[in-house]
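I have placed the structure first, in the form of structure tokens, so that the comments after it can refer back to it.
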2 protein chains.
Amino acid sequence: MNTAPNEQLSLLLVDDDATFCDVLRRALEKRNFSVTVAHSVEQALPLVQPNPPEYAVVDLKMGGASGLALVQLLHEMDPATRIVVLTGYASIATAVEAIKLGATQYLSKPANADEIVAAFGHLADPDLSLNAQPASVERLEWEHINRILQENGGNISATARALNMHRRTLQRKLAKRPSGG
Amino acid sequence: MNTAPNEQLSLLLVDDDATFCDVLRRALEKRNFSVTVAHSVEQALPLVQPNPPEYAVVDLKMGGASGLALVQLLHEMDPATRIVVLTGYASIATAVEAIKLGATQYLSKPANADEIVAAFGHLADPDLSLNAQPASVERLEWEHINRILQENGGNISATARALNMHRRTLQRKLAKRPSGG
DNA sequence: TCGCTCTGCGACAATATGCCGCATCCCTGT
DNA sequence: ACAGGGATGCGGCATATTGTCGCAGAGCGA
């Protein structure tokens, strides 16, 4: 942390959606963050090597390396970095992985800048209220598929075999967004 | 099985569903765990105060205090304890909290003993985890539907609403597999 | 009895799936 | 450099499953 109270906070934003990055960057800059943007893990690496950022917003599903690898790297470089993982394909399996690798919070799109900023300050809360609504079968299926996919290191063909499901069908299911519930 | 059965591994199982506990306890005992059962956080406390267990399986949604509090306590008492959170009301939010509070893994019901043991990570029996084939999505769906049906006292319409599924579809699914599993 | 919900089931349209093939890539051993 | 093997993404098409409607009967409390 810098001593100057009005110093901007360095923030790394990594998402392969250019439009999304533009919008979010502007919103974050208004909130006193000095934003650096990258569209892939590979592109982000040289930007963080010299001096790791204080904050980071990382998308998981990008071309090239998974955002999870970047989360791990950022956390190793500076454990004090507050990392928010933001993904349109949220699943419990990847959420668990992200947190274990050092992420501070895990949000699913759509999320606005305020939610993201709030997530930076989020602390573990053992009194979190529980959702009394059971998961829909659709959601359950999504979670299960993602867990097996995780176990198979992201290998779609292997996952399809493990689940006794046609690869084409798995592809189509993965292409769809997870539905709430 | 083939590994030398040295001393048993202490395991705390906390779930308010007595039947579920019975079944799971037996399954875990077969896998060389010394299982202690509690049906609430309050009931579990005196059991872990003298000597914390090496492993724990904790349900989140129970009468009384949230399982998250117990996760935190167990982790504080002994950071080496491997804690698996197992819940029928899985959500990303609680998954994130659970991991941050010290849980090793987060699973949603239905999950069998093999999956739970695998979730503890490494150790266990490598042979068991290797041939442990993940449940097919169909079987998962069937068990989930039946669990919710149970909770709704067999009311098909209510279950369909809870699962966000059309009543007609639920009827057809239920008619297809008269003998569940 | 009226009004409400649950239930089973037929029918038809909208989707989803299984299964084919094909064109890339990315390894790895030759 | 090359072939072989596997993984991936995707179009297309026949078939299976769902979503959605409607209807009639049963149970239940006011």
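Values below: every heavy atom of this structure, side chains too, minus hydrogens, waters and symmetry copies. Sequence lines set the chain letters: A, B, ... in the order given, protein chains first and strands last, and positions in each chain run from 1.
Side-chain heavy-atom separations under 4.5 angstrom define the hydrophobic clusters, and Val23(A) shares its cluster with no other residue.
Considering only residues two or more places apart in sequence or on other chains, Arg147(B) meets the salt bridge (Lys or Arg N to Asp or Glu O under 4.0 Å) condition with Glu151(B).
Atom-to-atom, CD of Gln171(A) to C1' of dT24(C) comes out at 13 Å; the value is rounded to the nearest Å. Taking atom CG of Asn164(A) as the reference point, atom P of dT17(C) lies 15 Å away to the nearest angstrom. The separation between Met165(A) atom CE and dA16(D) atom C1' is 15 Å, rounded to whole Å. In this structure, Arg161(A) atom CZ and dG5(D) atom P are separated by 15 Å, rounded to whole Å. Residue Leu174(B) contributes atom CG, which lies 15 Å from atom C1' of dT18(D) at whole-angstrom precision. To the nearest angstrom, C1' of dG18(C) lies 16 Å from CG of Leu163(A). If you take CG of Asn152(A) and C1' of dG6(D), they are 14 Å apart, rounded to a whole angstrom. Atom CG in Leu170(B) sits roughly 15 Å away from atom C1' in dC9(C) (whole-Å rounding).
Phosphate proximity of dG6(D) to Asn155(A): absent, as no side-chain N or O sits under 4.0 Å from OP1 or OP2. Put simply, Lys173(A) has a side-chain N or O that comes within less than 4.0 Å of OP1 or OP2 on dT17(C).
With distances taken from any side-chain atom of His166(A) to the nucleotides dG18(C), dC6(C), dA7(D), the minimum falls on dG18(C). Among the nucleotides dT17(D), dT17(C), dG8(C), the one closest to the side chain of Lys176(B) is dT17(D). Counting only heavy atoms from C-beta on, Thr169(B) has its side chain closest to dT18(D) among dT18(D), dT17(C), dG8(C).
Within the 4.0 angstrom heavy-atom criterion, no nucleotide atom of any strand lies near Gly153(A).
Tested against Lys109(B) for a side chain to side chain donor-acceptor pair (under 3.5 Å), the candidates Thr87(B), Asp15(B), Asp17(B) yield a single pass: Asp15(B).
Between Tyr55(A) and Phe33(A), the ring planes lie perpendicular to each other; the angle is over 60°, past the 30° to 60° tilted range.
At a cut-off of 3.5 angstrom, the base of dG8(C) holds no donor-acceptor pair with the side chain of Arg172(B). Side-chain atoms of Arg167(A) and base atoms of dG9(D) include a donor and an acceptor less than 3.5 Å apart.
Taking for each of Ser157(B) and Arg168(A) the nucleotide of DNA chain C with the nearest heavy atom, the 5'-most of the two is the partner of Ser157(B).
In this structure, Gln150(B) places its CD atom where only 12 or fewer heavy-atom neighbours from other residues, nucleotides or ligands lie under 6.0 Å away.
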